[in-house]
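Data first, discussion second: the structure below is written as structure tokens.
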Amino acid sequence: MKPAFLIVFLKEFKETLRDKRALGLLALFTLMYPLMLGYMLNQQIKRATQSEREGMELAVIGAAQAPNLMAQLKQKNITVQPVADMDEDAIGALLRARKVVALLRLDPAFGEHYQAMRPASIELWYDSASDNSQRQRDVEEVLQHYSSSISSARLLAHGVSPATMTPIRLQRYDTGSSAARSAGMIGAILGFLFFPAFICGLSAAVDSTAGERERRSLEVLMAQPASPWSLITGKWLAAGSLAVIGITLELALAHGVLSWLPLEEIGMSWRVTSAQLAWVCVATLPLSLLAAGLHIALAMNARSFKEAQSILSLVTLIPMLPGLAVSMLELKTAMWMYLVPMLSNQTLLRELAKGQELGALPFVLTFLSSMLPALGAVAFASWRMKSERYVLSV
């Protein structure tokens, strides 16, 4: 004979699968965050590699006065479009049309000043509201290199070594790994991947407690030969199972997206292996059960179905606060972070994304930090179920 809590679990789980609203929330939050993360990173990669893939078009007024500069621009895959002189309004209209990334205007006396070894004026016009910032920097680098080469040639012509103008040569060495940069840039977004644990089972938890009490079907269930603990455990596991399924699928999808994207194009990488992700999913399982336990315990004390939904909508945001506080305060990773539910999961995945070797202790602490309060919430709800005042809603 099946245990009573297993019978209740199967009943509640089957009813939940018939609930289109619960399944809709599960699908929405399973797909939304990984796809949003993938879209944001993909757009960043496209912007970073756009100039290499497509080149760029640069409008130049007075291009004939600086043939060497035009040649250097073409060597950097920059297509020069000579245009006639125009006023400020016409330049703004040209840039807003997004046909060119920027416009160079050489002073009419550029050639004379150049020959006389006086500063020759070049104006760089661009639209800071466009998404061409990276390509505009490429144009500026060409201009700076052009200016440096002219300076060096003039110094040599006067018998002065160009090294005289650079008494200090700065060499930069970056010890940060691409994995650490990845975790730093997407660490805040990784934290939101665990948020669906508090959403996917919300509808099922409220419906099986406050909803059943409002429909008076809970009295019939209480008349069955099953203890309050068995009833609550079955409902808890049913709601928690949805959250477990949702968060596991979401993490797997996010892992697939991050592994597929060419993150090396923007100096990043994703080094979390499938085995490590599997252990993260195991350590995250109690978080889903904690969410389900809290939802059931709080929904049982609500006077109506709508009141339960309103209370839980606010309570769901509370687990995100420690992660936001750590991010805003820029706190370094410490062992106590693995003792705070949800923050422990965020910290665990972020450290793995950095390529850190964590050992077993962080996984164990992450598991227990959510499992213990989850059992406490279920024990409280079971004790609450013994009250006729609650069951009869008097």
Side-chain angles (χ1 to χ4, degrees), residues 2-13 16 194-210 212-213 218 221-222 226-248 251 279-302 308 311-312 314-323 335-348 360-387 390-391:
K2 294 181 180 179
F5 79 89
L6 185 58
I7 297 175
V8 176
F9 162 71
L10 294 175
K11 164 191 169 293
E12 296 291 347
F13 192 73
T16 301
F194 298 98
F195 181 63
F198 289 83
I199 296 296
C200 293
L202 175 61
S203 179
V206 175
D207 186 70
S208 64
T209 50
E212 285 194 357
R213 187 176 64 175
L218 188 60
L221 189 62
M222 288 289 294
S227 64
W229 180 88
S230 297
L231 295 176
I232 291 298
T233 301
K235 295 175 182 293
W236 170 55
L237 292 177
S241 296
L242 281 182
V244 169
I245 293 172
I247 197 68
T248 303
L251 289 174
W279 283 112
V280 170
C281 292
V282 172
T284 304
L285 188 149
L287 182 66
S288 301
L289 298 178
L290 171 61
L294 288 176
H295 291 161
I296 288 177
L298 294 174
M300 289 179 63
N301 290 278
I311 293 174
L312 294 180
L314 297 175
V315 172
T316 298
L317 300 176
I318 295 178
M320 298 179 60
L321 297 180
M335 192 58 66
W336 65 266
M337 294 181 181
Y338 295 106
L339 300 176
V340 182
M342 192 163 176
L343 174 61
S344 58
N345 303 87
Q346 297 172 0
T347 305
L348 184 67
L361 183 59
F363 289 91
V364 173
L365 293 178
T366 300
F367 186 93
L368 295 178
S369 66
S370 297
M371 195 65 199
L372 295 179
L375 295 175
V378 173
F380 170 78
S382 301
W383 170 78
R384 191 75 173 85
M385 179 68 82
K386 297 177 182 180
S387 172
Y390 160 73
V391 177

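For the single chain, residues carry numbers from 1 onward in sequence order.
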task: State, to 0.1 Å, how close L237 and S241 come at their nearest heavy-atom pair, and which atoms those are.
output: O-OG, 2.6 Å

message: If I compare all heavy atoms of L287 with all of M342, which pair ends up nearest, and what's the gap?
response: CD1-N, 3.8 Å

message: Test your reading of the model: is there a side-chain donor-acceptor pair from W236 to the backbone of A292, 3.5 Å cut-off?
response: no

- request: Measure across C281 and T248 and return the closest heavy-atom pair with its distance rounded to 0.1 Å.
  value: SG-CG2, 4.2 Å

statement: Scanning both residues in full, the closest heavy-atom pair of H295 with F198 reads CE1-O, 3.0 Å

query: side chain to side chain donor-acceptor pair (under 3.5 Å): which pairs involve residues 283-292, sequence neighbours left out?
result: T284-N345

message: I'd like to check the side chain to side chain contact (heavy atoms under 4.5 Å, CB included) partners of P196; sequence neighbours left out, ordered by chain and number.
response: F29, Y33, C200, I247, E250

task: Answer yes or no: is there a side-chain heavy-atom contact under 4.5 Å between L294 and F380?
output: no

query: Any idea which heavy atoms bring W229 and S382 closest together, and the distance?
result: CA-OG, 3.6 Å

Side-chain donor-acceptor pairs under 3.5 Å in residues 3-10, sequence neighbours left out?
none

- prompt: What are the two closest non-hydrogen atoms of T366 and L348, and how far apart are they?
  reply: OG1-CD2, 4.2 Å

statement: F367 meets the ring pair (Phe, Tyr, Trp, His ring centres under 6.0 Å) criterion, sequence neighbours left out, with none

message: Going by side-chain hydrogen bond (donor to acceptor under 3.5 Å, both in side chains), name the residues that satisfy it together with S370, two or more places apart in sequence or in a different chain.
response: none

side-chain hydrogen bond (donor to acceptor under 3.5 Å, both in side chains) against S344, all qualifying residues, sequence neighbours excluded: S369

